[in-house]
Amino acid sequence: MLLKRSRSSLLQIRWKYWFKPWQQMDWLLLSLPVGLTIFGGIMIRSTELNQGLTDWWWHWLIGGIGCVIALLLARLRYENLLQWHWITYALTNISLTAVMIVGHSAKGAQRWVNIFGFNVQPSEFAKIGVIITLAALLHKRTAANLDNVFRALAITAIPWGLVFIQPDLATSLVFGAIVLGMLYWANANPGWLILMISPIIAAILFSISWPFAIAFSEDIKFGLLGLIWSVVMGVVGWRTLPWRRFYLGAIGAWGLNMFGGELGLFAWNHVLKEYQKDRLTSFINPKADPLGAAYHQIQSRIAIGAGEWWGWGLFKGPMTQLNFVPEQHTDFIFSAVGEEFGFIGCLVVLAVFCLICLRLLHVAQTAKDNFGSLLAIGVLSMIVFQMIVNIGMNVGLAPVAGIPLPWMSYGRSAMLKNFIALGIVESVANFRQRQKY
């Protein structure tokens, strides 16, 4: 009897010894993405069933490798990243520059580098580099000061510009979401954040001719809505910016939006590629080109609608199995879920993503320092933006932007990036101060 008790105690000691490095981890935060990865592999298999493709298992393989990397990162102290953040930033920019030199093109963009026979997309990993760099900059010097805000924006501008000229507009938008989320968490004035995105809105409103517009040329056009928006932003600048003398804040905010509106018109006419214009216009009016640029979104909406409440069942969706939805295994994987598992299946997937976001927010709130908290918020901003845009474009509420659904869409670089980001957050959770009751 004594021998059995000693053996049982020895097993418990060994069990605790092996799992001690991960005892503070958020296991729910890890298990939910693993579940999405498994389910995503099944849905990719469903989309490829009648296409003669057999590479769906790569989704599970890369996911498994990513999970191991996440567990290893969770054992390492995230504070070490502070010492390496400038090296991380330099490697991020070097990798993005390498794409422009030795990268290869596909579908009108140069985004991939071939490493040992595998196509790697550096812009995906650049998101992690930006998160680490911004967290290191803002953990001591918060965004409550405009100088620190400009410093953070200047640091982000280099990798953002390298990504934008690839061109990869979708990833550059993700960078913007990361910066806004981290600046907000670092105590930036909400009015400043509104002013940061206001030129983009001005660029859209200046191009709208309703109810009337003043046009001097193709590149110089003033829409009434854009003019009203610029005045409103002038008021926001006057109330939130520190330069109130001679109304400099108001004039600066107004001028920024006027310039942003005209710059948007110039970019539309001379910078954006034709396929990027088609994606934006097809989102606004899909009936204008139902067999061209709007074909993806129309077919996706039909597939989701055909699923009704409970769906057709796994491997039984007509739109999915007859390959009516292009790129369904990547950007439009959510449409396969909607058709084969219906409205209920879509709700379950959305609920899982909401739980992941809540756990990320919990880690950010309970982190022992600002650096760890900002790392978690950066990852949260990235995941939330990608989820909203991807699902939005599947149901017709957002333009087709080429942003994958985290842990579900097929994509090796994106999958590894997501698990690396998850591993960093798990390190923040793992090295929190133990709670005492």
Side-chain angles (χ1 to χ4, degrees), residues 55 58-59 62 65-66 69 81 84-136 152-179 182 267 270-280 327 329-331 378-379 381-383 385-386 389-390 393 399-407 409-421 423-424:
D55 60 350
W58 274 101
H59 186 81
I62 300 299
I65 295 172
I69 294 175
L81 294 173
W84 302 93
H85 74 275
W86 286 121
I87 295 177
T88 302
Y89 181 72
L91 291 175
T92 297
N93 291 320
I94 291 171
S95 65
L96 293 174
T97 304
V99 174
M100 311 305 298
I101 300 173
V102 299
H104 63 89
S105 303
K107 299 180 180 180
Q110 189 167 329
R111 304 173 186 171
W112 294 269
V113 175
N114 189 283
I115 300 177
F116 301 115
F118 294 95
N119 291 330
V120 178
Q121 190 172 353
S123 60
E124 288 290 339
F125 301 101
K127 299 171 187 175
I128 301 177
V130 169
I131 290 172
I132 294 172
T133 305
L134 286 179
L153 293 177
I155 290 297
T156 311
I158 297 176
W160 180 87
L162 291 172
V163 169
F164 185 79
I165 62 178
Q166 289 183 2
D168 192 350
L169 179 60
T171 302
S172 63
L173 292 176
V174 178
F175 280 13
I178 291 171
V179 172
M182 296 183 72
H270 305 288
V271 177
L272 292 180
K273 305 292 183 181
E274 287 300 323
Y275 76 92
Q276 293 172 330
K277 295 181 182 179
D278 291 340
R279 285 179 177 180
L280 293 173
E327 306 296 336
H329 66 300
T330 54
D331 297 342
V379 175
S381 303
M382 177 182 69
I383 297 300
F385 183 80
Q386 293 183 160
V389 173
N390 180 274
M393 71 184 190
V400 178
I403 294 179
L405 187 61
W407 296 293
S409 294
Y410 183 88
R412 301 171 188 175
S413 297
M415 178 66 77
L416 279 179
K417 174 263 299 179
N418 289 330
F419 271 109
I420 290 173
I424 293 173

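As a basis for the values below, the full set of heavy atoms in this structure was taken, side chains included, without hydrogen atoms, waters or symmetry mates. What you see is a predicted model, and the numbers here were worked out from it, not measured in a lab.
Side chains of Val130 and Trp160 form no contact here, defined as non-hydrogen atoms less than 4.5 Å apart. Counting heavy atoms from C-beta outward, Ile383 and Asn418 have side chains that approach closer than 4.5 Å. Two residues are said to be in side-chain contact when any heavy atoms from C-beta on lie closer than 4.5 Å; Ile424 and Leu81 meet this criterion. Using a 4.5 Å heavy-atom threshold, the side chains of Phe125 and Val120 count as touching.
A donor-acceptor pair is defined here as one N or O able to donate and one able to accept, closer than 3.5 Å; such a pair exists between the side chain of Ser413 and the backbone of Gln121. Between the Asn390 side chain and the Asp331 main chain, a donor and an acceptor come within less than 3.5 Å of each other. No side-chain donor-acceptor contact under 3.5 Å links His85 to the backbone of Leu134.
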Pair Phe419, Ile62 - check side chain to side chain contact (heavy atoms under 4.5 Å, CB included), show working. CA-CA 10 Å; Phe419 271 109; Ile62 300 299; over 6 Å; no
Verify side chain to side chain contact (heavy atoms under 4.5 Å, CB included) between Thr133 and Thr156, making sure each step is shown before the conclusion. CA-CA 9 Å; Thr133 305; Thr156 311; over 6 Å; no
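Pairing each heavy atom of Ala177 with each of Ser381, the nearest pair is O-CB, 3.7 Å. Taking each heavy atom of Ser172 and Phe164 in turn, the nearest pair found is OG-CD1, 3.9 Å. Of all the heavy atoms in Lys417 and Ile128, the pair that sits closest is O-CD1, 3.4 Å. Nearest heavy-atom pair across Met382 and Ala421 is CE-CB, 4.0 Å.
For His329, the ring-ring contact (aromatic ring centres under 6.0 Å, His included) partners two or more places apart in sequence, or in a different chain, are Tyr410. Among residues two or more places apart in sequence or in another chain, the side-chain contact (heavy atoms from CB on, under 4.5 Å) test is passed with Ile69 by Ile65, Leu73, Leu416, Ile420.
Rounded to the nearest 0.5 angstrom, Leu162 CG and Thr92 OG1 are separated by 10.5 Å. Of the inter-residue distances, the one linking Asn93 atom CG with Thr97 atom OG1 reads 6.0 Å to the nearest 0.5 angstrom. Expressed to the nearest 0.5 Å, how far CG of Leu405 lies from OG1 of Thr330 amounts to 11.0 Å. Expressed to the nearest 0.5 Å, how far CD of Glu124 lies from OG of Ser95 amounts to 12.0 Å. Residue Ile131 holds its CD1 atom at 12.0 Å from OG1 of Thr88, rounded to the nearest 0.5 Å. In this structure, the separation between CD on Glu327 and OG on Ser409 is 10.5 Å, given to the nearest 0.5 Å.
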